[in-house]
J.: 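Questions regarding the structure given below will be posed in turn.
The structure presented is a predicted model; accordingly, all values stated were derived computationally and were not measured. Throughout, residue positions are numbered sequentially from 1 according to the sequence presented.
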Amino acid sequence: MAHIHFVECNTAHTGNFAIDVPAGHHWLLVITKTPAQFWVNGGIKEYPAHSAVLYRPQQKVYYRSCTGHFVNDWIRFESDEAYITESPLPFGIPFALSDPQYCQKLIELLVVERSFNLDCKESSTDHLLRTLFNKLWESYFQDKVTPQHYNLLKLRTAIQSNPGDYWTVSRMADFLRISPGYLQNIYKKTFGISCMDDVINSRIRMAKEYLIHNAQSIAEVASRCGYQNVEHFCRQFKQITGRTPGHFQKYAKN
C-alpha cells in the first residue's frame, strides 16, 4: 500500500522558483505544466511542458523554472509496492506524457481522497495511484510525443464526447489551425483511423446506446447523432453493425 504525504495540482511558482534537495527522503513524482530545467546525469537540461519525472528515495532532486513562471503537479509518497519500486520508469530523468489531461484528473482525485477521511480512502488512493502509474508507463513506452499530439488528443476527445456535432474535415482542421490534408495525415498516423471514420464510429456507438436504452424513433436517434438524412444514417449503421437500426433495436431488446 502507498502512503501519500502530500499531493498538489496546478501549483504555480514565480520565475525564480527552484528545488534543490541533495537526497530526498521519499518517492517524488513531478509533472510539469510549463517548461523546466532538471539536473540529469550531472548537468542541467531543459524539458518541455507535460514532462513527468520520478525520483526514488535518497536521490538528488533538482529542478527549476526556465520561464517567467512555473506550474506543476507533484506527489510525495512512501510505498513498498512492486509497481513503484520495480518500475521500468527511469529515475530522475523526465519523459513526455502522452495524455497529460488524464493524469491531471487522476491527481485531482488523489487530492480529494487525501483531503477527506472516507471509509475507502486507502483503497481508493491505491487504485488511483496504480492507474496513474499505468498511464506513466504507457507514456514512457510510446513513440516520441510531439506538441501537436496534445492538440490531436483534445480534438479526438471533443469528437468522441460530442459526435452529434457538425464535424467536417475542414472544421476539424480549423480546430487545430492546420490544413485539412495535414490533419488527415497526422490523425490517422496517430490514432490508426481517419478523422471522419472516427466521427462515424463515434456516432454509431452513440446511436446504439439510444436505440437500446431510449424510447426514441429512428429518425430522432439519427438527428441526435448528427445525421440530417435518416436514409444516410441507416446505410452507415448497417455498414458498420451488419444490421439496420430497426433490426438492431429489436435484437438488442429481446
J.: Can you confirm whether more than 12 heavy atoms, excluding those of H5, are under 6.0 Å from its NE2 atom?
T.: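 Yes - once you tally the heavy atoms of other residues, nucleotides and ligands closer than 6.0 Å, there are more than 12.
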J.: Can you tell me if Q142 and E138 form a side-chain donor-acceptor pair at under 3.5 Å?
T.: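 No donor-acceptor contact under 3.5 Å links the two side chains.
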J.: Evaluate the side-chain proximity of Y140 to P90: yes if any heavy-atom separation is below 4.5 Å, no if none is.
T.: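 Answer yes - side chains close enough.
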J.: Ignoring hydrogens and angles, state whether a donor on the side chain of W137 or S87 is under 3.5 Å from an acceptor on the partner side chain.
T.: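 Note: W137 and S87 side chains meet the donor-acceptor criterion.
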J.: Search all heavy atoms of I204 against all heavy atoms of Y227 and return the closest pair with its distance.
T.: CD1-OH, 3.8 Å
J.: Would you kindly check if the NZ (Lys) or CZ (Arg) of R76 is within the cone defined by 45 degrees around the ring axis of Y55 and under 6.0 Å from the six-membered ring centre?
T.: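 Verdict for Y55: no cation-pi partner in R76.
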J.: Check side chain to side chain contact (heavy atoms under 4.5 Å, CB included) between H127 and all other residues, then give those that pass, not counting sequence neighbours.
T.: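 H127: side chain to side chain contact (heavy atoms under 4.5 Å, CB included) contacts with S123.
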J.: Got a second to check how far Q236's CD is from N229's CG, nearest 0.5 Å?
T.: 10.0 Å
J.: Is the number of heavy atoms from other residues, nucleotides or ligands within 6.0 Å of NZ (K154) greater than 12?
T.: no
J.: To check you understand the geometry: which heavy-atom pair defines the closest contact between D73 and N10, and what is its length?
T.: OD1-N, 2.6 Å
J.: Looking at every non-hydrogen atom in both residues, tell me the closest pair between R156 and Y187 and how far apart they are.
T.: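 Reported closest heavy-atom pair: CG-OH, 3.2 Å.
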J.: Hey, is the main chain of T32 close enough, under 3.5 Å, to the side chain of S51 for a donor-acceptor pair?
T.: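 Pair absent, no side-chain N/O of S51 close to backbone of T32.
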J.: For Y166, is the NZ or CZ atom of R171 found under 6.0 angstrom from the centre of its six-membered ring and inside 45 degrees of the ring axis?
T.: no
J.: Return yes if a side-chain donor-acceptor contact under 3.5 Å exists between N117 and K121, otherwise no.
T.: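 Side-chain D/A pair, N117 to K121: present.
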J.: Evaluate whether atom OH of Y182 has more than 12 neighbouring non-hydrogen atoms of other residues, nucleotides or ligands under 6.0 angstrom away.
T.: no
J.: Under 4.5 Å between side-chain heavy atoms, counting indirect links through other Ile/Leu/Val/Met/Phe/Trp/Tyr residues: same cluster for L89 and L128 or not?
T.: yes
J.: Quick check: do D126 and R130 have side-chain heavy atoms less than 4.5 Å from each other?
T.: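 In contact.
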J.: With the side chain counted from C-beta on, respond yes when F233 and P245 share a heavy-atom pair under 4.5 Å apart, and no when they do not.
T.: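 Of all side-chain heavy-atom pairs linking P245 with F233, at least one is under 4.5 Å.
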J.: Using the rule that Ile, Leu, Val, Met, Phe, Trp and Tyr join whenever any side-chain heavy atoms are under 4.5 Å apart, tell me whether L54 and I4 fall into a single cluster.
T.: yes
J.: State yes or no: do L97 and F133 share one hydrophobic cluster built from I, L, V, M, F, W and Y residues joined by side-chain heavy-atom distances below 4.5 Å, directly or via other members?
T.: yes
J.: Once you round to the nearest 0.5 Å, how far does OG of S124 lie from CG of L129?
T.: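 Atom-to-atom, S124:OG and L129:CG are 12.5 Å apart.
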J.: Would you say the side-chain atoms of R224 pair up with the backbone N or O of M206, donor to acceptor, closer than 3.5 Å?
T.: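 No: the side chain of R224 does not pair with the backbone of M206.
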J.: Is atom CD of Q228 surrounded by more than 12 heavy atoms (other residues, nucleotides or ligands) closer than 6.0 Å?
T.: no
J.: Tell me whether N162 contacts the main-chain N or O of D165 through its side chain, where contact means a donor paired with an acceptor under 3.5 Å.
T.: no
J.: Look at K135 together with D99 and state whether they make a salt bridge at an N to O cut-off of under 4.0 Å.
T.: no
J.: Are side-chain heavy atoms of I178 and N151 found at a separation under 4.5 Å?
T.: no
J.: Do the side chain of E78 and the main chain of H3 share a donor and acceptor less than 3.5 angstrom apart?
T.: no
J.: Do Q101 and L153 make a side-chain contact, defined as non-hydrogen atoms from C-beta onward lying under 4.5 Å apart?
T.: no
J.: Checking V30 against V61 for the side-chain contact (heavy atoms from CB on, under 4.5 Å) test, could you report, in this order, the C-alpha distance in whole Å, the side-chain angles of both residues, the deciding distance, and whether it holds?
T.: CA-CA 10 Å; V30 178; V61 178; 6.0 Å; no
J.: For residues V230 and F248: do they belong to one hydrophobic cluster (side chain heavy atoms under 4.5 Å, members Ile, Leu, Val, Met, Phe, Trp, Tyr)?
T.: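 Result: yes, single cluster for both.
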J.: Quick check: does any side chain N or O of S223 sit under 3.5 Å from a backbone N or O of A219, one acting as donor and the other as acceptor?
T.: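 Not a single qualifying donor-acceptor pair exists.
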J.: Is there a path from V112 to L118 through hydrophobic residues (I, L, V, M, F, W, Y) whose side chains come within less than 4.5 Å of each other?
T.: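 Result: yes, single cluster for both.
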J.: What heavy-atom pair brings N214 and E209 nearest, and what distance separates the two atoms?
T.: ND2-O, 3.9 Å
J.: Before giving the answer on side-chain contact (heavy atoms from CB on, under 4.5 Å), spell out for R205 and Q160 the whole-Å C-alpha distance, their side-chain angles and the decisive distance to 0.1 Å.
T.: CA-CA 9 Å; R205 171 182 51 80; Q160 297 190 348; 4.1 Å; yes
J.: How far apart are the closest heavy atoms of S79 and I84, and which atoms are they?
T.: OG-CD1, 3.5 Å
J.: Just distance, no hydrogens or angles: give the donor-acceptor pairs under 3.5 Å from side chains in residues 12-21, sequence neighbours left out.
T.:
from, atom 1, to, atom 2, distance (Å)
H13, NE2, N72, OD1, 3.3
T14, OG1, N16, OD1, 2.5

J.: Is L132 close to C103 at the side-chain level, that is, under 4.5 Å between some pair of heavy atoms?
T.: yes
J.: Going by the angle between their ring planes, with limits at 30° and 60°, are F77 and W27 parallel, tilted or perpendicular?
T.: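 F77 vs W27 ring planes: parallel.
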J.: Compare all side-chain heavy atoms of C234 with those of T244 and state whether any distance is below 4.5 angstrom.
T.: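 No; the side chains remain at least 4.5 Å from each other.
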J.: If I take atom OG1 from residue T241 and atom NZ from residue K208, how far apart are they, to the nearest 0.5 angstrom?
T.: 6.5 Å
J.: State, yes or no, whether a side-chain contact exists between M172 and M196 at a heavy-atom distance under 4.5 Å.
T.: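 The answer is yes; the side chains approach within 4.5 Å.
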J.: Looking only at heavy atoms, which two atoms of F237 and A207 are closest? And how far apart?
T.: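 Nearest pair, atom of F237 first, then A207: CE1-CB, 4.1 Å.
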J.: Rounded to the nearest 0.5 Å, what's the gap from CD on Q184 to CG on D197? Could you check?
T.: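 If we round to the nearest 0.5 Å, Q184:CD and D197:CG are 10.0 Å apart.
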J.: Atom CD in E81, atom CD in E86: separation rounded to 0.5 Å?
T.: 10.5 Å
J.: Using distance only, find each side-chain donor-acceptor pair of residues 35-50 under 3.5 Å and give its atom names and separation, not counting sequence neighbours.
T.:
from, atom 1, to, atom 2, distance (Å)
Q37, OE1, R64, NE, 2.6
Q37, OE1, R64, NH2, 2.9

J.: What is the distance from atom CD of Q249 to atom OG of S217, rounded to the nearest 0.5 Å?
T.: 9.5 Å
